[in-house]
Amino acid sequence: LSVMLNCFFAIPQTIIGYRRQGFLRRFACTPLARVHFTLGLVLQRVAIGLVQIGLLAATGALVFGLGFAWAPLSFDPLFLLGTAAFAAAGFFLAGILATVESAVAVAQILAMLFMFTSGLFVPVELIPRPFADLTVVNPVWYFSRAVFESLVLGRGPLDLGPALDRLARHNASVS
């Protein structure tokens, strides 16, 4: 959830702010490739997300005595793929919206819809029918399940195939 919120709010605000200040136009005149600028924004989100997950995992382990069976071969690519999917959505919002205020409003609507149809707060079985049907297209559902299975249960990459497939499809459809 923190990865999604981080990408939905920070990337559009940054891009739209840079666009309004004329930074993107000036940036186009530099020898730095656009892909490096884009990767820099995405890698910021990856770093922040890893710190957030690390703090949550440390709190869970130290305060609540939770055990983790971290599977780096599945967690690391999964985390990068999930962050890329949500970052793509953030770039999409930045591309279609003109003001930071509109980006924040749209991001809040999408974030609420994704949060409350993800099964993170309310079991999917208890969500009203029209909204529960949205779970199958909700990337937060697949990302959170895959992160849990990889980080807590220690499942390997082959065990996470369906979740990774859904995340990859979402990433391709948003990009």
Side-chain angles (χ1 to χ4, degrees), residues 1-58 72-121 131 134-147 150-151 157 160 163-175:
L1 184 62
S2 65
V3 171
M4 177 203 63
L5 293 173
N6 195 356
C7 291
F8 275 18
F9 287 96
I11 289 176
Q13 288 180 18
T14 301
I15 296 292
I16 292 170
Y18 284 170
R19 187 185 315 132
R20 295 187 108 203
Q21 296 169 358
F23 175 78
L24 295 179
R25 186 173 294 144
R26 290 190 305 267
F27 171 74
C29 299
T30 68
L32 187 65
R34 290 181 180 150
V35 69
H36 295 129
F37 176 75
T38 304
L39 281 174
L41 286 176
V42 173
L43 290 177
Q44 283 178 336
R45 304 301 121 210
V46 168
I48 291 169
L50 287 174
V51 168
Q52 289 174 331
I53 286 182
L55 289 172
L56 287 171
L73 289 178
S74 59
F75 176 79
D76 296 350
L78 163 75
F79 189 80
L80 290 174
L81 179 64
T83 304
F86 293 121
F91 281 110
F92 176 75
L93 291 176
I96 64 169
L97 300 169
T99 65
V100 171
E101 294 80 12
S102 62
V104 169
V106 171
Q108 284 178 335
I109 292 168
L110 289 174
M112 290 298 169
L113 184 63
F114 281 161
M115 281 191 319
F116 292 112
T117 61
S118 67
L120 291 175
F121 298 107
F131 294 105
L134 294 175
T135 301
V136 297
V137 294
N138 187 343
V140 177
W141 165 261
Y142 297 102
F143 185 61
S144 63
R145 297 297 171 256
V147 166
S150 173
L151 189 61
L160 296 176
L164 289 173
D165 180 54
R166 285 286 191 181
L167 261 170
R169 287 175 197 246
H170 179 266
N171 193 17
S173 68
V174 171
S175 303

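In terms of the side chain to side chain contact (heavy atoms under 4.5 Å, CB included) criterion, Leu56 has no residue partners (sequence neighbours excluded).
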The test is ring pair (Phe, Tyr, Trp, His ring centres under 6.0 Å); show your working for Phe116 and Phe131 and say whether it passes.
CA-CA 8 Å; Phe116 292 112; Phe131 294 105; 10.0 Å; no
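Residues Leu151 and Ile53 meet the side-chain proximity criterion, which asks for heavy atoms closer than 4.5 Å.
Counting only distance, with no hydrogens or angles, the side chain of Ser150 and the backbone of Val147 share no donor-acceptor pair below 3.5 Å. Judged by distance alone, the side chain of Arg20 and the main-chain N or O of Val100 form no donor-acceptor pair under 3.5 Å. Put simply, the side chain of Thr83 never gets that close to the backbone of Leu80: no donor and acceptor are under 3.5 Å apart.
Here Phe86 contributes atom CZ and Leu81 contributes atom CG; the two are 10.0 Å apart, rounded to the nearest 0.5 Å. With values rounded to the nearest 0.5 angstrom, Gln52 atom CD is found 9.5 Å from Leu1 atom CG. Distance check: Leu5 CG to Ile48 CD1 gives 12.5 Å after rounding to the nearest 0.5 Å. The OG atom of Ser118 lies 12.0 Å from the OH atom of Tyr142; values are rounded to the nearest 0.5 Å. Atom CG of Leu97 and atom CD1 of Ile15 lie 12.5 Å apart (nearest 0.5 Å).
Residue pairs meeting the side-chain hydrogen bond (donor to acceptor under 3.5 Å, both in side chains) criterion with at least one member in residues 108-117, sequence neighbours excluded, are Thr117-Asn138. Sorted by first and then second residue, the pairs that involve residues 31-45 and meet side-chain hydrogen bond (donor to acceptor under 3.5 Å, both in side chains), not counting sequence neighbours, are Asn6-Arg45.
Nearest heavy atom pair, residue Phe121 against residue Met115, reads CD1-O, 3.7 Å. Across all their heavy atoms, Leu93 and Phe8 have their closest contact at CD1-O, 4.2 Å. Residues Gln21 and Arg26 come closest through the heavy atom pair O-NH1, 3.4 Å. Nearest heavy atoms, Phe9 versus Ala107: CE2-CB, 3.7 Å. Between Cys7 and Pro12, the shortest heavy-atom distance links the atoms O-CD, 3.3 Å. Looking at every heavy atom in both residues, Ala98 comes nearest to Ser102 through N-OG, 4.0 Å.
In this pair, Phe143 and Phe79 present their aromatic rings tilted. The plane angle is within the 30 to 60° band. Between Phe37 and Tyr18, the ring planes are tilted. Angles from 30° to 60° get that label.
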